[in-house]
Amino acid sequence: MAKLVSKVYGDALFELAVEEDKLESIWEEVRVISQALEENPEFLPTLKHPDMSMEKKQELLKEVFGNRLSTDVMGLLDVMVRKNRIGDLNKVLDYFETRAKERQKIGIVNVYTPIELSAADKKRVEERVLEVTDFASLEMNYLVDKHLLGGMVIRIGDQVLDNSIRSKLDAMSRQLAAVRL
């Protein structure tokens, strides 16, 4: 259900931003909210507290964000409070961010290697990914995975390019198992 909530509210905000040609400004406001929630981890649980009235929640949001957010984004927060969905705010913001990145052709790439890559290797990986995709730019995340024997695994959204030694060994094992003597 939470995924549906994030999609419904995230899509509504995204479609509004695109329709009114405000994607960049609303995206910046989404970042402001995300940063505030990250820096103040007690804020969202306070807003979710069942003893706090809807009016108090709305007042608190206006106090904290009122002068920093547009009426469009404040409207989203207001609706989420009224529908008792403010607990899903982080998921909605993440969903919006994903849609905005797709629209701007920004790819999110996770590269798993057994050791840290050098700056030159990272640059080559990024250049190669840009060559073989339709992305205009990339957000590269380089992660060390000690379980890999060698090679690398690249994840772009739902796609996985597994060029690790482990996957090559597994493939060789399957081929050998298929050989009849």
Side-chain angles (χ1 to χ4, degrees), residues 1-112 122 125-126 129-130 132-145 153-161:
M1 184 71 172
K3 184 170 182 150
L4 178 62
V5 170
S6 63
K7 181 174 175 21
V8 169
Y9 290 99
D11 276 340
L13 183 61
F14 177 78
E15 296 300 328
L16 175 72
V18 170
E19 195 174 291
E20 294 188 1
D21 198 27
K22 295 180 180 178
L23 182 59
E24 287 300 322
S25 63
I26 289 180
W27 194 358
E28 183 56 39
E29 292 178 38
V30 164
R31 288 185 198 113
V32 166
I33 298 170
S34 294
Q35 183 178 359
L37 293 177
E38 189 175 314
E39 291 173 359
N40 302 288
E42 70 286 345
F43 185 67
L44 199 54
T46 301
L47 284 175
K48 289 178 5 183
H49 199 282
D51 290 339
M52 183 179 259
S53 71
M54 181 174 45
E55 292 79 19
K56 284 281 190 195
K57 292 175 185 182
Q58 290 167 327
E59 275 180 41
L60 183 58
L61 285 168
K62 284 178 188 167
E63 266 182 52
V64 173
F65 296 117
N67 62 342
R68 295 171 65 191
L69 302 179
S70 66
T71 55
D72 295 330
V73 177
M74 285 302 293
L76 171 76
L77 297 177
D78 183 58
V79 168
M80 290 185 73
V81 166
R82 283 189 284 121
K83 298 290 185 177
N84 200 26
R85 294 296 189 185
I86 200 68
D88 295 312
L89 182 58
N90 279 323
K91 291 175 185 153
V92 170
L93 299 176
D94 288 346
Y95 183 86
F96 175 89
E97 185 121 12
T98 299
R99 291 282 317 266
K101 286 177 182 176
E102 287 171 2
R103 172 89 177 191
Q104 300 293 358
K105 294 192 174 224
I106 300 170
I108 301 169
V109 181
N110 294 317
V111 179
Y112 302 89
K122 288 178 181 180
V125 169
E126 185 173 349
V129 171
L130 279 171
V132 299
T133 63
D134 293 332
F135 296 120
S137 64
L138 300 171
E139 280 186 18
M140 301 294 291
N141 301 307
Y142 294 96
L143 306 157
V144 174
D145 183 350
V153 176
I154 300 174
R155 178 180 284 278
I156 305 170
D158 293 339
Q159 295 180 333
V160 177
L161 171 63

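Every heavy atom of this structure was used, including side-chain atoms; hydrogens, water molecules and symmetry mates were not. Along the sequence shown, residues are numbered consecutively beginning with 1. Since we're looking at a predicted model, the values are computed, not measured.
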Quick one: does [X]'s side chain get under 4.5 Å of [Y]'s, heavy atoms only?
X      : Y      : value
Val8   : Tyr95  : no
Leu161 : Gln159 : no
Glu126 : Val129 : no
Leu77  : Leu69  : yes
Val111 : Met140 : yes
Phe96  : Leu23  : yes
Val73  : Phe65  : no

* Could you walk me through whether Leu93 and Leu37 pass side chain to side chain contact (heavy atoms under 4.5 Å, CB included), step by step? => CA-CA 11 Å; Leu93 299 176; Leu37 293 177; 4.1 Å; yes
Least distance between heavy atoms, [X] atom then [Y] atom:
X      : Y      : value
Ile106 : Phe135 : C-CD2, 3.9 Å
Lys105 : Asp134 : CD-O, 3.6 Å
Gly157 : Arg155 : O-CG, 3.5 Å

* Does a sphere of radius 6.0 Å around CG in Asn141 hold more than 12 heavy atoms from other residues, nucleotides or ligands, not counting ones at 6.0 Å or beyond? ->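 Yes, the 6.0 Å shell around CG holds more than 12 heavy atoms from other groups.
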* Asked: More than 12 foreign heavy atoms under 6.0 Å from CD of Glu42: is that the case here?
  ->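 Correct, the count exceeds 12.
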Within this structure, what is the [atom1]-[atom2] distance for the pair [X] and [Y], rounded to the nearest 0.5 Å?
X     : Y     : atom1 : atom2 : result
Lys83 : Met54 : NZ    : CE    : 10.5 Å
Asp78 : Ile86 : CG    : CD1   : 9.5 Å
Leu13 : Leu76 : CG    : CG    : 5.5 Å
Asp94 : Lys91 : CG    : NZ    : 9.5 Å

* To do: Pick out which of Val109, Val160, Asn110 makes a side-chain contact (heavy atoms from CB on, under 4.5 Å) with Ile154.
  =>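 In the set Val109, Val160, Asn110, the residue that makes a side-chain contact (heavy atoms from CB on, under 4.5 Å) with Ile154 is Val109.
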* **Whether Lys57 side chain and Leu47 backbone form a donor-acceptor pair below 3.5 Å** =>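 It does hold such a pair.
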* Examine distances only and state if a side-chain atom of Tyr9 and a backbone atom of Met80 form a donor-acceptor pair shorter than 3.5 Å. =>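 A pair under 3.5 Å: no.
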* **Pair Asp11 + Arg99, salt bridge at N-O below 4.0 Å** =>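 So Asp11 pairs with Arg99 through a salt bridge.
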* Asked: By side chain to side chain donor-acceptor pair (under 3.5 Å), which residues pair with Lys62, not counting sequence neighbours?
  ->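 So Lys62 forms no side chain to side chain donor-acceptor pair (under 3.5 Å) with any residue.
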Please list, one pair per line, the donor and acceptor atoms closer than 3.5 Å that link side chains of residues 24-36 to other protein atoms, with sequence neighbours excluded.
residue : atom : partner : partner atom : Å
Glu24   : OE2  : Gln104  : NE2          : 3.1
Ser25   : OG   : Lys22   : O            : 3.1
Trp27   : NE1  : Glu97   : OE2          : 3.3
Glu28   : OE1  : Arg31   : NH1          : 3.0
Glu29   : OE1  : Ser70   : N            : 2.8
Glu29   : OE1  : Ser70   : OG           : 3.0
Glu29   : OE2  : Ser70   : OG           : 3.3
Ser34   : OG   : Val30   : O            : 3.1
Gln35   : NE2  : Glu39   : OE2          : 2.8

